[in-house]
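Presented below is the structure to which this report refers.
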There are 2 protein chains.
Amino acid sequence: MPQLTIEDIARLAGVSRSTVSRVLNSQPSVRPAVRNRVQEVIAAYGYTPQAAARQLVTQRTRSIGLILPDNVYNLFGNPIFALMGQGVSQVCTQQGYRSLLFMGRQDMDEQDMFKLLRGREFDGIVLISSNANDACAAFLKETGIPYVRIGHEPGQDDLQYVDVDNAEAARIAVKHLIWLGHRRIAMLKGLSRDTCSADRYQGYKEALEEAGISLDPELVGEGNWSTASGYVLTKRFFAA
Amino acid sequence: MPQLTIEDIARLAGVSRSTVSRVLNSQPSVRPAVRNRVQEVIAAYGYTPQAAARQLVTQRTRSIGLILPDNVYNLFGNPIFALMGQGVSQVCTQQGYRSLLFMGRQDMDEQDMFKLLRGREFDGIVLISSNANDACAAFLKETGIPYVRIGHEPGQDDLQYVDVDNAEAARIAVKHLIWLGHRRIAMLKGLSRDTCSADRYQGYKEALEEAGISLDPELVGEGNWSTASGYVLTKRFFAA
DNA sequence: CTGTTAGCGCATTCAT
DNA sequence: ATGAATGCGCTAACAG
């Protein structure tokens, strides 16, 4: 079935395109009777305006792109991303936007991905990444595409990101363990490419130092954020 | 900075829009010298055609929408979805398409979601769902939007889906346990709303019956696909 | 091989 | 309050 256009609806409702457009965008200046008639026709034929056409004229898509770290195990295996994604989605929906998670970061050529981002299919990008030199982050900054990053790099001077205070969080956690009476406290670090790993380690070191506990290198290990690496390292800690 | 259009590139390269369009779409009928010149200008200005405009004229977006079951814990917490998503993404990339995961199924009004799907932002939809009455599946079928479903409903007569033989899979698994010498075999069912749950249970029953093992209701429990429910039920099995 | 012309479907002036 | 006209940026005949 050939999809109906706004023109068809206008004809069927006996009005002009402009009027249909007005009810589509719920503008007030339409006589109630006319509005109803148009809405009935729209409903009867299940008409929905074509996104591309309205995007072309308005120059906005009302959709937000979500980009996650490239590791697929992180992508779906780490519950933190589910929570972040959920939050992004909720706010988008609430504001009349929609969020779409870009799926191709594992298998798509980087340049092709950039081309997509430059094609203005998204009004803005939410990039989740604490990777210290994420090519995508660099690209977004350079091109001026509207974005916000969850996570950041050390030298970042602009305010394009939101992040937690990783060092302080680690400090609090370690202090808590010390308060509970523990003295032998291990640290399972994440990937060194992610800045949060170093930040947390920093907090860990500071809390130990403050408590006068000397750091035991045997109790520090570097994982890759996977549960498997956590398991292996934890076993090693207990063997030590 | 005002984004450049194909028109600007044409002027800068001293050719017409059509020629620029031709090199953009890598059509052969362009003199190498001209092609190079155009490509240089494109690269120099970092120009990328606006997706909406070309979508409007070609009536295709080259993007595939991926829709997952509504439960967010399933969404990111169940590794099977990571694998499926990965597969979809790989094939899309390989074919010059891109895949986008729709994020709003938890928090968006169903009608708004349908509106999005009808807006032709996706050339096709991949719906992952074995939910026996998934409203989205019904909608897709009714509207004639191109889609394929991973998972299916009992009475489905068309060929719009791909699925594994759940009953046979369960049969094989149970037979294997029996072959190993076990006689006391429990079944941890999934949500009853998903057809695969009943299918697998069917296979379980058949395999037991075939081996002359009577089914012990104490060893059958219904979870909700979460690891937590699996843990609780498994403990109950061992207590029984 | 290249330029000219004509829309794609919609929102948005500008008239009325 | 409504309609007619215009253009968003691009591809696709059609000429030449």
Side-chain angles (χ1 to χ4, degrees), chain A residues 1-39 41-42 45-63 96 115-123, chain B residues 1-39 41-42 45-63 96 115-123:
Chain A
M1 53 185 120
Q3 287 295 334
L4 296 185
T5 74
I6 195 174
E7 184 78 87
D8 300 318
I9 301 300
R11 196 164 15 75
L12 289 165
V15 297
S16 73
R17 292 194 300 246
S18 319
T19 301
V20 177
S21 176
R22 288 186 185 104
V23 346
L24 242 29
N25 298 287
S26 41
Q27 284 174 228
S29 61
V30 177
R31 212 157 20 118
V34 177
R35 176 185 304 279
N36 286 335
R37 187 149 39 90
V38 173
Q39 280 172 333
V41 175
I42 288 176
Y45 289 85
Y47 165 76
T48 302
Q50 189 169 322
R54 82 191 326 181
Q55 285 170 16
L56 178 58
V57 56
T58 61
Q59 291 296 78
R60 52 189 313 189
T61 65
R62 290 201 157 278
S63 69
K115 205 168 290 183
L116 167 64
L117 296 179
R118 269 188 314 209
R120 313 210 229 354
E121 302 204 42
F122 303 105
D123 287 351
Chain B
M1 49 185 122
Q3 286 296 333
L4 296 186
T5 74
I6 195 174
E7 184 78 9
D8 299 318
I9 301 300
R11 196 162 17 75
L12 289 164
V15 296
S16 74
R17 291 193 301 250
S18 321
T19 300
V20 177
S21 176
R22 285 185 187 105
V23 345
L24 243 28
N25 298 286
S26 42
Q27 285 175 232
S29 60
V30 177
R31 208 155 27 115
V34 178
R35 177 185 304 279
N36 285 336
R37 185 149 39 91
V38 173
Q39 281 171 334
V41 175
I42 289 176
Y45 290 85
Y47 165 75
T48 302
Q50 189 169 321
R54 82 191 325 181
Q55 285 170 15
L56 178 58
V57 56
T58 61
Q59 291 296 77
R60 50 188 320 193
T61 64
R62 291 201 155 277
S63 69
K115 205 168 289 182
L116 167 63
L117 296 179
R118 268 187 314 209
R120 312 211 229 356
E121 302 205 42
F122 302 104
D123 287 351

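Owing to the predicted nature of the structure, the values given are computational and were not obtained by experimental measurement. In what follows, chains carry the letters A, B, and so on, assigned in the order in which the sequence lines appear, proteins first and then strands, with residues in each chain numbered from 1.
- In terms of modelled atom types and a separation under 3.5 Å, the side chain of T61(B) and the main chain of E121(B) share a donor-acceptor contact.
- As a whole-Å value, the separation of Q55(B) CD from dG9(C) P is 14 Å.
- Side chains of R118(B) and Q3(A) form no contact here, defined as non-hydrogen atoms less than 4.5 Å apart.
- Summary of helix geometry: the two end axes of the helix from dC1(C)-dG16(D) to dT16(C)-dA1(D), each defined by five base pairs via their C1' atoms, are inclined to each other by 40° (rounded to 10°).
- At whole-Å resolution of the value, CD in Q27(A) and P in dA11(C) are 9 Å apart.
- In this structure, R60(A) atom CZ and dC10(C) atom P are separated by 18 Å, rounded to whole Å.
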Nucleic acid footprint by protein, nucleotides 3-10 of chain D - heavy-atom cut-off 4.0 Å, B for base, S for sugar-phosphate alone | BBBBBBBS
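- Pairs passing the salt bridge (charged side-chain N to carboxylate O under 4.0 Å, His left out) check and including a residue from residues 26-38 of chain B, sequence neighbours excluded, do not occur.
- With sequence neighbours left out, R11(B) forms a salt bridge (charged side-chain N to carboxylate O under 4.0 Å, His left out) with D8(B).
- For N36(B), the side chain to side chain donor-acceptor pair (under 3.5 Å) criterion is met by no residue, not counting sequence neighbours.
- Backbone-only engagement by V34(B) is indicated by non-hydrogen atom pairs under 4.0 Å involving sugar-phosphate atoms exclusively.
- The CZ-P distance, from R62(A) to dC10(C), rounds to 17 Å in whole Å.
- In terms of the side chain to side chain donor-acceptor pair (under 3.5 Å) criterion, R22(A) has no residue partners (sequence neighbours excluded).
- Looking only at distances, no side-chain donor or acceptor of S21(A) sits under 3.5 Å from a matching main-chain atom of R17(A).
- I9(A) places none of its side-chain heavy atoms less than 4.5 Å from the side chain of L24(A).
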